[in-house]
Amino acid sequence: MSSNINPYEYCKIVCNPKGSITRNLRLPTIKANHVACPGDPVLSKDFTLNAKKKTCIRVYMPTTKLTSNDGDTRIPIIFFYPRTGWIQLNWDSIFTNLHCSKLALEVPAIVVDVEYRLAPENRIPAQYEDAMDAILWVREHALDPNGEQWIRDYGDISSCYQYGCSSGGNIAFFVALKATEMELQPLRIAGNIMNQPMFGGMQRTNSELMNPMNQVLPLCALDLDFAQMLVRHGVQIEGRFDIVGLHGIEFINPKMDALFGIIKDFILRNQP
């Protein structure tokens with residue numbers, strides 16, 4: 001399919017001679033806020049995940065849990081992999097901060113926002129390895145008497161979820177497969193939440209591109225084959241599809257609220 005759009009200019013990147021890229025898109029960022037002020041619904045802390053890989057995580061905690069008297073009631077832990085298109089830094093942007101803060105508050109849950117390495121400097125499976133590092137970090141701190149307090153004292157590691165948007169949805173899927181091969185108990189991945197996950201072949205087939213808005217079988221319906229494939233292989237899934245919208249539509253408040261309602265309902269119904 002021909003296009004007059006220059007993808008490099010559109011993505012604001014410049015290719016360098018040795019295979020790296022220069023990223024000219026700078027999303028506004030926000031620092032973690034671990035000191036509660038009156039009215040703060042959510043706090044956050046940054047931790048180094050792997051110094052050698054230069055990866056970090058940001059942990060979000062609803063203050064309602066910190067100030068409540070139900071000390072024996074733990075809350076789910078959600079590993080969040082933000083949308084990056086594989087190439088753009090986004091883990092500490094104001095958009096991801098808002099997303100994770102609202103998610104932590106609405107469920108409520110502890111949200112672990114993962115900074116995974118970017119392509120093309122770091123190719124798959126580096127991103128999957130970073131996500132697994134985050135899972136192992138949580139498990140370590142939950143079991144360590146001197147571990148991070150929010151994880152150790154408030155998190156329910158038997159009720160962990162992976163949640164990814166776009167490229168992050170891809171990460172959530174493949175890391176879930178990897179987790180089945182590992183001994184993670186007592187940590188348990190109770191479910192996967194994939195919002196507009198980025199899947200597909202190297203390129204669309206000619207038949208896909210000929211008529212993407214076919215009234216009988218539009219391209220968005222054709223993509224449901226991925227969900228149907230999971231069902232055929234015995235995977236229990238719950239699909240929610242909306243043919244009206246755009247990539248990243250959850251950043252529009254009404255859609256964000258609706259998405260968080262779906263996520264909250266899914267998690268509450270799958271509590272052990």
Side-chain angles (χ1 to χ4, degrees), residues 45-60 74-84 86 91 100 103-104 107 109-119 122-195 197-199 226-227 229-238 263 266-267 269-272:
K45 298 180 185 178
D46 287 347
F47 300 92
T48 297
L49 184 59
N50 187 304
K52 184 177 180 180
K53 298 175 184 177
K54 300 180 180 179
T55 53
C56 301
I57 56 174
R58 178 168 292 179
V59 180
Y60 292 81
R74 294 176 176 268
I75 56 178
I77 299 173
I78 301 173
F79 296 94
F80 178 66
Y81 313 121
R83 60 174 73 244
T84 65
W86 301 112
W91 77 284
C100 291
L103 183 64
V107 173
I110 295 171
V111 177
V112 180
D113 170 27
V114 182
E115 178 198 23
Y116 53 88
R117 288 170 289 172
L118 301 176
N122 304 280
R123 299 187 179 254
I124 290 173
Q127 294 76 14
Y128 306 154
E129 294 168 355
D130 297 340
M132 185 55 69
D133 284 348
I135 292 173
L136 294 175
W137 183 93
V138 165
R139 182 182 185 275
E140 176 186 350
H141 282 262
L143 300 179
D144 184 352
N146 298 313
E148 162 53 36
Q149 182 190 17
W150 290 356
I151 301 294
R152 183 193 68 214
D153 293 347
Y154 301 104
D156 182 358
I157 61 170
S158 70
S159 183
C160 293
Y161 294 81
Q162 294 193 111
Y163 169 36
C165 299
S166 189
S167 52
N170 178 291
I171 293 171
F173 175 76
F174 283 102
V175 172
L177 295 180
K178 180 64 176 177
T180 63
E181 304 170 359
M182 301 182 66
E183 182 62 48
L184 296 175
Q185 286 80 5
L187 185 146
R188 170 177 170 263
I189 303 296
N192 256 23
I193 303 159
M194 297 179 289
N195 175 25
M198 184 181 288
F199 291 106
F226 173 71
M229 178 272 291
L230 294 178
V231 172
R232 287 196 300 271
H233 285 78
V235 179
Q236 182 179 354
I237 72 165
E238 178 174 333
I263 292 174
F266 174 74
I267 290 176
R269 285 189 290 104
N270 284 278
Q271 290 300 289

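Listed for the R83 side chain is no donor-acceptor partner under 3.5 Å among the backbone atoms of G169. The closest donor-acceptor contact from the side chain of Q127 to the backbone of R117 lies under 3.5 Å. In terms of modelled atom types and a separation under 3.5 Å, the side chain of N192 and the main chain of A172 share a donor-acceptor contact. A donor-acceptor contact shorter than 3.5 Å links the side chain of N270 to the backbone of F266.
Here the straight-line distance linking atom CG of D130 with atom NZ of K54 works out to 13.5 Å at 0.5 Å rounding. A distance of 10.0 Å separates CG of N122 from OG1 of T55, quoted to the nearest 0.5 Å. Annotation: the span from L187 atom CG to D156 atom CG amounts to 9.5 Å, rounded to 0.5 Å. Taken from OG in S159 to CZ in R188, the straight-line distance is 7.0 Å, to the nearest 0.5 Å. With values rounded to the nearest 0.5 angstrom, I78 atom CD1 is found 13.0 Å from Y60 atom OH. Within the model, atoms CZ of F173 and OH of Y81 stand 14.0 Å from one another, a figure rounded to the nearest 0.5 Å.
Using a 4.5 Å heavy-atom cutoff, the side chains of L143 and I157 are in contact. Using a 4.5 Å cut-off on side-chain heavy atoms (C-beta onward), W86 and N170 make contact. Looking at I75 and V107, their side chains never come closer than 4.5 Å, going by heavy atoms from C-beta outward. Side-chain contact between Y116 and T84: present, with at least one pair of heavy atoms (C-beta onward) separated by less than 4.5 Å. I77 is listed as a side-chain neighbour of V112, based on a closest heavy-atom distance under 4.5 Å. Looking only at side-chain heavy atoms (C-beta outward), K53 and D133 come within less than 4.5 Å of each other. Looking at Y161 and I263, their side chains never come closer than 4.5 Å, going by heavy atoms from C-beta outward. Contact of the Q162 side chain with the I171 side chain is not registered, since no non-hydrogen atoms from C-beta on lie closer than 4.5 Å.
For the pair D113 and C100, the tightest heavy-atom approach, listed with the atom from each and the gap, is CB-SG, 3.9 Å. Nearest heavy-atom pair across W91 and R58 is CZ3-CB, 3.8 Å. Here the closest non-hydrogen pair linking V114 and A131 is CG1-CA, 4.5 Å. The shortest non-hydrogen separation linking A179 to I189 is CB-CG1, 4.4 Å. When every heavy atom of K178 is checked against every heavy atom of M132, the shortest pair comes out as CG-CE, 3.8 Å. The minimum heavy-atom distance between S167 and P82, with the atom names listed, is OG-O, 4.0 Å.
Under the 30°/60° scheme for interplanar angles, the aromatic rings of Y128 and F174 are found to lie parallel. Between F47 and H141, the ring planes lie tilted relative to each other; the angle falls in the 30° to 60° range.
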Side chain to side chain contact (heavy atoms under 4.5 Å, CB included) assessment of C56 paired with D46: CA-CA 7 Å; C56 301; D46 287 347; 5.8 Å; no

Pair E129-N50, side chain to side chain contact (heavy atoms under 4.5 Å, CB included): steps then yes or no: CA-CA 11 Å; E129 294 168 355; N50 187 304; over 6 Å; no

